[in-house]
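One structure is given below, encoded as structure tokens.
No experiment lies behind these values; they were computed from the predicted model shown. Lettering of chains follows the sequences in order, A, B, ..., and the numbering in each one begins at 1.
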Amino acid sequence: MSSKKTIAIIGNPNSGKTTLFNRLTGSNQHVGNWPGVTVDRKTGHICHDGVGIDIVDLPGIYSLSPYTQEEIIAREFVLSDELDGILNIVDAANIERNLYLTLQLIALGLPMVVALGFMDDVRAQGIEIDCDVLSERLGVPVVPISAKKGENMHNLLDGLAHHMRAPDKQPPYLHGVGAAIRRAAEQLQPLPLRQCSLPFYAAKLLEGDSAMWAQMDRLQMPEHMRVEINSIAAGMQSHANLTDKEMVLADALYDYIEEVVRAAYQRPKVHKETLTERIDKIVLHRVWALPIFAFFMFLMFWCTFGPIGSLLGDGMEYLIQSIISPAIRNGLTAAHTQDWLIGLICDGAIGGVGGVLSFLPQIVILFFFLSVLEDTGYLARVAFIMDTLLRRIGLSGKSFVPMLMGFGCTTPAVMAARTMENDADRRMTIMLTPFMSCGAKLPVYALVAGALFGAHQGLVVISLYVLGILMGILAGFLLKKTIFKEVSSGFVLELPTYRLPSFKGTVLNMWQKAKDFITRAGTLIFLMSVVIWLLQNFTPSLDVAQNAGESILGVIGTFIAPVFKPLGFGQWQESVALLTGLVAKEAVVSTMSVLYGAGGDSAMLSGLLGTVFTPLAGYSFLVFTLLYMPCMSAFATIKREMGGWRWAFGAAAFQTVLAYLAAMVVYQVGSLFL
Amino acid sequence: MKTLNNLKPGQSGVVESITAEGALKRHFLDMGITKGVVVTMERIAPFGDPVAVRLRGYSLSLRRAEAKKIVLEEHA
């Protein structure tokens with residue numbers, strides 16, 4: 001007999017959930033997004049003993065509260081009719097807090113299995129666990145496993161396929177809480193809710209969960225039912241000698257957990273200091289923490305943007321520009337394709353997509369480091385170390401890594417912001433990251449500063465980097481006062497047990513990120529490249545442009561040039577250069593080179609710039625280049641990570657307006673003195 | 001009123017109540033900060049804030065402003 005079911009895998013963050021998911025489903029995974037949000041929705045399919053099982057990997061959560069995006073997703077999913085059962089992974093080394101989620105899942109009344117993970121860690125600490133006692137107290141099957149070593153996976157699969165069962169009872173919570181939940185659940189019976197999950201609904205209503213009460217309004221809960229549940233809640237609080245209903249419930253759950261753990265756990269007489277405690281003594285030492293942290297950051301930065309990353313990036317570029325592109329060009333020429341079409345395909349599409357793909361090696365390296373940082377548990381420590389500094393501008397410690405990456409390349413930096421769980425913090429980090437001057441802007445600084453500031457060019461370049469950081473801080477204040485006013489959920493962050501990342505998980509993660517990036521390069525960026533190439537090569541009457549000045553882009557440049565007059569640079573060439581800078585920032589240099597007729601001669605271009613720009617206008621131009629909207633690769637990434645065009649255009653407009661104002665202030669105020 | 005913020009590294013206390021509201025209170029409860037639980041101050045971040053505490057067998061980091069909202073028993 002064959003059948004098919006859908007099971008959700010649910011557990012705390014750092015409970016080994018992802019490792020178990022990878023272990024169970026292998027590479028047989030599909031990654032998408034949950035509707036409306038950028039949280040990954042991973043689904044895997046397995047077949048065991050003729051039973052087909054779809055496993056949905058829910059985000060790591062501590063509770064089914066309705067506060068974070070992850071919790072809301074998980075709660076909606078477990079209350080939906082999509083699922084037939086729950087696989088709850090529990091970290092055996094951190095069992096008290098992990099079981100808190102388990103008890104909430106038990107209240108759902110769905111068939112479930114508890115996988116007790118990290119058994120090897122627990123044994124190493126000399127702790128013994130009686131899984132039969134645990135299973136008997138919780139009323140659901142408990143299977144001890146070690147996902148990393150693959151221990152007991154067969155039993156777990158058997159459990160999923162054949163032995164899942166709904167909890168035989170709801171735990172007998174003390175202080176009248178258990179009875180209150182039972183009575184409230186009875187009250188709810190007439191409502192169109194899943195009957196087995198009534199204890200969950202009841203518990204949430206009793207603790208005054210506003211989202212749940214709102215749902216009851218939508219179901220038009222009768223007034224007498226509302227009154228009855230409120231009176232049950234009132235009765236419950238007087239028993240426990242606590243005034244707050246939420247606390248009464250949490251208290252009862254944790255009391256029960258402590259009792260279960262006392263019965264099923266045997267701890268050694270002497271507490272052995274764990275490896276994590278020993279590592280933290282060094283890594284979070286008040287003096288050594290910062291140098292150690294700086295070393296890791298340097299290592300990551302150096303590998304990504306230093307020799308290794310650039311070498312691979314250049315190799316990729318060589319492969320595309322010098323091998324693939326000429327091959328296609330020759331093929332098209334041999335097939336007597338029209339010149340403009342060859343140009344469109346080779347220079348426009350392949351050029352644009354290739355330029356973006358040359359970032360791929362760096363992105364893969366960066367995500368290797370980020371994935372290791374996160375999986376080992378060090379990323380939480382980074383947040384712990386840097387939080388105070390970043391909080392001043394309204395960010396949190398977790399923003400540090402993306403911001404630092406921003407000095408290399410905005411695209412991966414924006415993707416790195418995914419590691420942040422608070423949505424407002426994440427969005428703000430994404431909007432501020434482009435202010436960190438990316439590597440591609442350096443050639444522009446070098447050209448203009450070299451042409452206009454001679455011996456002081458180094459100082460000018462440094463001042464631009466500092467200005468970027470200062471503008472980021474200012475923008476942070478502005479955003480905090482306007483769009484992101486909501487109270488942050490704070491900085492309550494688990495410092496998880498250090499663990500060796502699994503090779504398989506790291507490779508899978510890198511592959512998924514790379515696939516993501518390639519897909520985007522092949523679609524959105526392909527389109528944008530084609531459009532920009534067309535604008536650059538055709539006149540408004542759709543003839544082939546003889547020179548850049550009469551192309552649509554040139555006409556647009558001439559049209560918008562007056563806009564830049566107050567900033568000190570009003571020629572159409574600069575406007576066009578800034579427009580092509582949207583493809584890639586370093587294109588500002590090549591465009592100016594073409595438009596001023598310098599060919600590839602940098603000395604000549606440098607001399608020409610000296611006659612076109614005053615030093616003040618040149619500096620104003622650099623300030624604008626530093627701050628205006630990022631290149632289209634970054635823009636497309638921002639669109640994806642922010643989950644909509646509205647956010648992406650909003651961010652771009654915000655950055656460009658700020659760039660305009662800053663450059664204008666520089667030029668106008670500077671003019672008063674010079 | 002003695003709060004979690006008053007503990008020095010190595011000192012422990014017993015949680016008496018929580019004065020936080022809304023999402024923060026919920027988060028505290030979900031992380032196991034309930035009445036009667038023993039919390040030990042582990043360390044302070046290099047810049048003086050946040051702090052790391054140990055409870056229920058794991059480490060939790062929180063800002064000082066948040067630690068102030070966790071009231072400890074006086075005599076402990």
### Query
Are A:R97 and A:Y62 in a cation-pi contact, defined as NZ or CZ under 6.0 Å from the six-membered ring centre and within 45° of the axis?
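The answer is no, since A:R97 fails at least one limit relative to A:Y62.
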### Task
Tell me, please, whether A:F118 has A:R499 positioned over its six-membered ring: NZ or CZ under 6.0 Å from the ring centre and within 45 degrees of its axis?
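Checked: cation-pi criterion met.
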### Query
Of the backbone (N, CA, C, O) and the side chain (C-beta and beyond), which part of A:L389 lies under 4.5 Å from a heavy atom of chain B, both, or neither?
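When you check distances to chain B, only side chain atoms of A:L389 fall under 4.5 Å.
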### Query
What part of A:A93 lies closer than 4.5 angstrom to a heavy atom of chain B: side chain, backbone, both or neither?
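Interface part for A:A93: backbone (N, CA, C, O).
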### Task
Could you tell me whether A:F400 and A:F293 have their ring centroids closer than 6.0 angstrom?
yes
### Task
Answer with yes or no whether the side chains of B:D49 and A:T388 bring together a donor and an acceptor at under 3.5 Å.
no
#### Entry: Proximity breakdown for B:V51 and chain A, heavy-atom pairs closer than 4.5 Å
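For B:V51, backbone heavy atoms alone lie under 4.5 Å from chain A.
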### Query
Side chain, backbone, both or neither: which part of B:L55 has a non-hydrogen atom closer than 4.5 Å to chain A?
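No part of B:L55 comes within 4.5 Å of chain A.
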Looking at chain B, which one of [options] has the largest number of heavy-atom pairs inside 4.5 Å, strictly under?
{"options": "A:V261, A:I257, A:N94", "result": "A:N94"}
{"options": "A:T497, A:T276, A:V287, A:D280", "result": "A:D280"}
{"options": "A:E494, A:R391, A:E96", "result": "A:R391"}

### Task
Between chain A and each of B:P50, B:A52, B:A67, count heavy-atom pairs under 4.5 Å; write down the option with the most.
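Max contact count across the listed options: B:P50.
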### Query
Between B:S61, B:S59, B:G36, B:G32, which shows the greatest number of heavy-atom pairs under 4.5 Å with chain A?
B:S61
### Query
In terms of ring plane angle, is the pair A:Y100 and A:Y254 parallel, tilted or perpendicular, where the classes change at 30° and 60°?
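Rings of A:Y100 and A:Y254: parallel, as their planes differ by under 30°.
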### Task
For salt bridge (Lys or Arg N to Asp or Glu O under 4.0 Å), just list the numbers for A:R75 and A:D209, CA-CA rounded to whole Å, side-chain angles, deciding distance to a tenth of an Å, and then say yes or no.
CA-CA 13 Å; A:R75 182 150 131 168; A:D209 182 312; 2.8 Å; yes
### Query
Would you say the side chain of A:I10 lies within less than 4.5 Å of the side chain of A:Q104, judging by non-hydrogen atoms?
no
